[in-house]
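Just so we're clear, the structure is a prediction, and the values are computed from it rather than from any experiment. Letters A, B, ... mirror the listed sequences (proteins, then strands); counts begin at 1.
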Number of protein chains: 2
Amino acid sequence: METTVPHLAKGRTPLEPEKLIRREPVDPGKFKRMIRQMGLKVTQQRLAILESLSAGRAHVTAQEVFETVNASHPEIGFATVYRFLRKMAEQNLVTEVRMGGLPARYELTPRRHHDHLTCVSCGQIVEFECPPIENLQEKVANDHGFQLTHHVLELYGICPRCQAE
Amino acid sequence: METTVPHLAKGRTPLEPEKLIRREPVDPGKFKRMIRQMGLKVTQQRLAILESLSAGRAHVTAQEVFETVNASHPEIGFATVYRFLRKMAEQNLVTEVRMGGLPARYELTPRRHHDHLTCVSCGQIVEFECPPIENLQEKVANDHGFQLTHHVLELYGICPRCQAE
DNA sequence: ATGGTAATTGAAAACGATTGTCAATTCTCG
DNA sequence: CGAGAATTGACAATCGTTTTCAATTACCAT
Ligand SMILES: [Mn+2]
Ligand SMILES: [Mn+2]
Ligand SMILES: [Zn+2]
Ligand SMILES: [Zn+2]
């Protein structure tokens, strides 16, 4: 049986670059404010999901968020996690990262845009910024008369560690 | 109920740019040769799928291929279509194009690499080549010590026609 | 051409991720 | 504190895709 997934060996969990595992700390009331700003009610579930997103590794699947939150809030249902992630993605508070047909991964939308470089062997994800590429993307869109709204740029390759077997 | 799909209104079928609907004509024996080169048996089903891929619009879903082929070969099953598309994708004879969580689309791998610019409003797909972007991608990967294997670059925006309402 | 054999097929069930349903619960605001 | 609307969790449903399996077919050696 062959792997179904085009970009990453089946069963591999993309790992995070160490330097980016932790995001900046947040003050306690921040999450409540975020939720209210979305026009939603502040619930324990939503607070727990936000805490999990901001404290844990970036690029988590809905299932991973569910499992994390479920550990401390055993009564939460995964529908709630999916629903809230979707709502946040709609408002661009979280960014969906999709690799081939794999389950979607989410990260709190960072202040600075970045794209992803993924190791097809071990799943490590490196974030990068490349303004020249961004500019060229604008140019391509304009050349075709398109008004660019967003883009997906994913680079796949073999990381240094995996190159050394 | 909101649309689930991040990049394209639900139910929209991406349209093709007129100038690219038809690929170059192929001589009759070509498909048989392609199949044998993959180390597979030549069957009517596989020939029909290849004909459909090369004659119809580019960027078709497995379901669309199935429906097309099924019209002239009513006995074909969709499992055969999925199986063969997957096998061809593994050998890079067809390229999988994924837009968000939508069903995968396939095109016979063109001799020249290109990426896609998609209208989020009407679904039109424009193919483009941008060597400077490709070079920068190589550079980014190398800067991180990665050996680049492939990439996914999808631009999304509003096409000229849709901008004019 | 024929037959043996492994590859391929179609139908249907299974699958994993995600979404919908709905009655019960919980925020919010007055 | 309530009333009322939003939210929840359990569960079923859906979607695209893959697997299973018995029946068929293409291929190769005779
Ligand atoms: Mn990221
Ligand atoms: Mn294309
Ligand atoms: Zn690696
Ligand atoms: Zn358009």
Side-chain angles (χ1 to χ4, degrees), chain A residues 1-6 8 10-13 31-33 35-50 60-67 69-70 73-90 94 96-106, chain B residues 1-6 8 10-13 31-33 35-50 60-67 69-70 73-90 94 96-106:
Chain A
M1 246 125 288
E2 293 300 81
T3 177
T4 279
V5 167
L8 188 64
K10 198 164 206 168
R12 289 328 252 99
T13 299
F31 296 146
K32 290 192 182 180
R33 255 177 276 126
I35 298 173
R36 292 219 175 83
Q37 254 170 303
M38 290 194 256
L40 301 175
K41 288 185 178 177
V42 175
T43 64
Q44 291 315 306
Q45 292 88 331
R46 285 170 175 165
L47 287 173
I49 291 169
L50 275 173
V60 282
T61 64
Q63 278 297 330
E64 286 166 0
V65 174
F66 167 69
E67 279 158 29
V69 173
N70 188 255
H73 300 68
E75 72 290 356
I76 201 172
F78 58 85
T80 301
V81 175
Y82 274 103
R83 270 187 298 237
F84 190 44
L85 285 175
R86 175 157 38 113
K87 203 143 266 178
M88 294 183 91
E90 278 164 18
V94 304
E96 232 186 28
V97 182
R98 278 175 187 274
M99 303 183 5
L102 291 169
R105 292 184 171 271
Y106 300 86
Chain B
M1 244 128 290
E2 294 298 80
T3 175
T4 278
V5 166
L8 187 65
K10 197 162 206 168
R12 291 324 255 100
T13 299
F31 296 146
K32 290 192 182 183
R33 255 176 279 124
I35 298 173
R36 291 218 174 84
Q37 253 170 303
M38 292 194 255
L40 301 175
K41 289 185 177 178
V42 175
T43 64
Q44 292 314 306
Q45 293 88 328
R46 285 170 175 166
L47 287 173
I49 291 169
L50 275 173
V60 282
T61 63
Q63 278 298 330
E64 286 165 1
V65 174
F66 167 69
E67 279 157 29
V69 173
N70 187 256
H73 299 69
E75 72 290 354
I76 201 172
F78 60 85
T80 301
V81 175
Y82 273 104
R83 269 188 299 238
F84 190 44
L85 285 175
R86 172 156 42 111
K87 203 144 264 178
M88 294 183 91
E90 277 163 19
V94 303
E96 232 186 28
V97 182
R98 278 175 187 273
M99 303 182 5
L102 291 169
R105 293 185 169 271
Y106 300 86

> Name all residues meeting the side chain to side chain contact (heavy atoms under 4.5 Å, CB included) criterion together with B:Ala48; count only those two or more places apart in sequence or in a different chain, and write none if there are none.
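If we apply the side chain to side chain contact (heavy atoms under 4.5 Å, CB included) test to B:Ala48, skipping adjacent residues, the hits are B:Val69, B:His73.
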> Checking B:Phe66 now: which residues fulfil side chain to side chain contact (heavy atoms under 4.5 Å, CB included) with it, not counting sequence neighbours?
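So B:Phe66 forms a side chain to side chain contact (heavy atoms under 4.5 Å, CB included) with B:Gln63, B:Asn70, B:Ile76, B:Phe78, B:Val81.
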> Give the rounded distance in Å between these two atoms: CD of A:Glu96 and P of C:dA17.
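Taking atom P of C:dA17 as the reference, CD of A:Glu96 is at 14 Å.
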> Examine C:dT19: is either OP1 or OP2 under 4.0 Å from a nitrogen or oxygen in the side chain of A:Arg86? Give yes or no.
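Looking at the OP1 and OP2 atoms of C:dT19, one of them is under 4.0 Å from a side-chain N or O of A:Arg86.
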> Scan nucleotides 5-13 of chain C nucleotide by nucleotide, 5' to 3', and note B when protein non-hydrogen atoms come under 4.0 Å of the base, S if they reach only the sugar-phosphate, - if neither.
-BSSBBB--
> Hey, what bend do you get for the helix from C:dA1-D:dT30 to C:dG30-D:dC1 if you fit axes on five pairs at each end, rounded to 10°?
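The two end axes of the helix from C:dA1-D:dT30 to C:dG30-D:dC1 meet at 40°.
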> What is the distance, rounded to the nearest whole Å, between atom CZ of A:Arg105 and atom C1' of C:dG16?
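So the CZ-C1' distance, A:Arg105 to C:dG16, works out to 14 Å.
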> Are side-chain heavy atoms of A:Val65 and A:Phe84 found at a separation under 4.5 Å?
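Result no, sub-4.5 Å side-chain heavy-atom pair not found.
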> Under the rule for side chain to side chain donor-acceptor pair (under 3.5 Å), what residues qualify as partners of B:Arg33, not counting sequence neighbours?
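Expected list: B:Asp27.
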> Provide, to the nearest angstrom, the distance between the CG atom belonging to A:Leu102 and the C1' atom belonging to C:dC15.
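A:Leu102 atom CG is separated from C:dC15 atom C1' by 15 Å.
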> Tell me, please, which residues at least two apart from B:Thr43 pass side chain to side chain donor-acceptor pair (under 3.5 Å).
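For B:Thr43, no residue satisfies side chain to side chain donor-acceptor pair (under 3.5 Å) once neighbours in sequence are set aside.
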> Taking the side chain as C-beta and beyond, is there a heavy-atom pair between A:Glu75 and A:Gln45 under 4.5 Å?
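In short, these two side chains do not touch, never coming nearer than 4.5 Å.
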> Do B:Arg86 and B:Glu96 come within less than 4.5 Å of each other through their side chains, counting heavy atoms only?
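In short, these two side chains do not touch, never coming nearer than 4.5 Å.
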> Rounded to whole angstrom units, what separation is found between the CZ atom of A:Phe66 and the C1' atom of C:dA17?
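My rounded result for the distance is 14 Å.
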> Sequence neighbours excluded, which residues qualify as side chain to side chain contact (heavy atoms under 4.5 Å, CB included) partners of A:Gln44?
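For A:Gln44, the residues satisfying side chain to side chain contact (heavy atoms under 4.5 Å, CB included) (neighbours in sequence not counted) are A:Leu47.
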> For B:Gln63 and for B:Arg36, locate the closest nucleotide of DNA chain D by heavy-atom distance; then report the residue assigned to the nucleotide nearer the 5' terminus.
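The answer here is B:Gln63.
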> Starting at atom OH of A:Tyr82, determine the distance to atom P of D:dA13, rounded to an integer number of angstrom.
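About 19 Å, once rounded to whole Å.
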